[in-house]
Chemist: 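Structure provided below as structure tokens; questions to follow.
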Amino acid sequence: QVQLVESGGGSVQAGGSLTLSCAASGLTSSAHCMAWFRQVPRKEREGVASINTYYTPAYANSVKDRFTISRDDAQNILYLQMNSLKPEDTAMYYCAARSTPLCGGPGVQKDYNYWGQGTQVTVSS
């Protein structure tokens with residue numbers, strides 16, 4: 001019954017921006033840490049950003065000062081605003097949730113209970 005649905009991916013030139021959204025259903029996002037992960041072929045899924053139930057964000061060093069994670073608990077939506085995109089940001093981006101209200105960072109894939117199907121982001125140089 002729990003469903004996470006990502007949207008907003010696409011193709012942009014380096015330096016451009018995209019905003020990703022994740023709509024959650026069958027889940028109370030206010031009781032879960034939420035995160036964005038990304039994955040490229042032949043690499044492990046890596047954490048990009050997380051946000052806890054107190055709206056405290058945490059970011060991977062590779063995206064600090066460029067990406068912003070936020071959540072709208074009234075609408076049960078998670079966002080990722082991506083600015084100054086680089087070719088190395090190209091990946092499938094996944095929304096994730098874990099059954100704990102506190103988290104200090106995105107952690108690793110195995111920490112999360114629920115996942116979306118992903119949305120592709122492609123950045124050309």
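Please read these numbers as outputs of a predicted model, since none were measured by experiment.
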Chemist: side-chain contact (heavy atoms from CB on, under 4.5 Å) for Leu85 and Phe67? Distances and angles first, verdict last.
Modeler: CA-CA 9 Å; Leu85 283 161; Phe67 291 10; 3.9 Å; yes
Chemist: Run Leu27 and His32 through side-chain contact (heavy atoms from CB on, under 4.5 Å) and show every step you take.
Modeler: CA-CA 8 Å; Leu27 169 153; His32 293 76; 3.8 Å; yes
Chemist: Can you run down the salt bridge (Lys or Arg N to Asp or Glu O under 4.0 Å) pairs that involve residues 97-123, sequence neighbours left out, and say none if there aren't any?
Modeler: none
Chemist: Do Tyr94 and Leu78 share a hydrophobic cluster, counting only Ile, Leu, Val, Met, Phe, Trp and Tyr and linking them when any side-chain heavy atoms are less than 4.5 Å apart?
Modeler: no
Chemist: To check you understand the geometry: which heavy-atom pair defines the closest contact between Pro87 and Ala14, and what is its length?
Modeler: CD-CB, 4.1 Å
Chemist: I'd like to know if Val12 and Val121 are part of one continuous hydrophobic network [Ile/Leu/Val/Met/Phe/Trp/Tyr, side-chain heavy atoms within less than 4.5 Å].
Modeler: yes
Chemist: What pairs of residues pass the disulfide bond (SG atoms under 2.5 Å apart) test when at least one of them lies in residues 71-125, not counting sequence neighbours?
Modeler: Cys22-Cys95, Cys33-Cys103
Chemist: Which pair of non-hydrogen atoms, one from Ile51 and one from Ser70, has the smallest distance, and what is that distance?
Modeler: CD1-CA, 3.9 Å
Chemist: Under a 3.5 Å threshold, yes or no: a donor from one side chain and an acceptor from the other, between Ser124 and Gln13?
Modeler: no
Chemist: For the pair Glu6 (side chain) and Gly118 (backbone), establish whether a donor and an acceptor sit closer than 3.5 Å, ignoring hydrogens and angles.
Modeler: yes
Chemist: So how far is it from Gln117 CD to Leu4 CG, rounded to the nearest 0.5 Å?
Modeler: 9.5 Å
Chemist: Would the number of heavy atoms belonging to other residues, nucleotides or ligands and lying under 6.0 Å from CD of Gln120 be above 12?
Modeler: yes
Chemist: Minimum heavy-atom separation for Gly104 and Ala58, please, with both atom names.
Modeler: O-CB, 3.4 Å
Chemist: Minimum heavy-atom separation for Ser17 and Ser84, please, with both atom names.
Modeler: OG-N, 4.3 Å
Chemist: Do Tyr112 and Phe37 pass the side-chain contact (heavy atoms from CB on, under 4.5 Å) test, and can you show the C-alpha distance, the side-chain angles, and the key distance before you say yes or no?
Modeler: CA-CA 11 Å; Tyr112 289 81; Phe37 280 69; 3.5 Å; yes
Chemist: If only atom types and distance count, is the side chain of Asn76 paired as donor or acceptor with the main-chain N or O of Ala24 below 3.5 Å?
Modeler: yes
Chemist: Provide the closest heavy-atom pair for Val2 versus Gly26 in the form atom of the first, atom of the second, distance.
Modeler: CG2-O, 3.1 Å
Chemist: In the structure I gave you, are the side-chain heavy atoms of Tyr54 and Pro101 within less than 4.5 Å of one another anywhere?
Modeler: no
Chemist: Any side-chain to backbone donor/acceptor pair from Trp36 onto Tyr79? Under 3.5 Å, distance only.
Modeler: yes
Chemist: Just verifying a value: how many Å separate Thr19 OG1 and Leu80 CG, rounded to the nearest 0.5 Å?
Modeler: 8.0 Å
Chemist: Supply the atom-to-atom distance Leu18 CG to Ser11 OG, rounded to the nearest 0.5 angstrom.
Modeler: 8.5 Å
Chemist: Check Ser21 against Ile77 and note the closest heavy-atom contact, atom names and distance.
Modeler: CB-CG2, 4.4 Å
Chemist: CG of Asn52 to OG1 of Thr100: how many Å apart, nearest 0.5 Å?
Modeler: 9.0 Å
Chemist: Hey, any chance Tyr59 and Val123 share a hydrophobic cluster, counting ILVMFWY side chains that come within less than 4.5 Å of each other, even indirectly?
Modeler: yes
Chemist: Taking side-chain hydrogen bond (donor to acceptor under 3.5 Å, both in side chains) as the criterion, tell me which of Arg38, Gln39, Gln109 meets it with Glu46.
Modeler: Arg38
Chemist: From Leu20 CG over to Gln81 CD, what is the distance, rounded to the nearest 0.5 angstrom?
Modeler: 9.0 Å
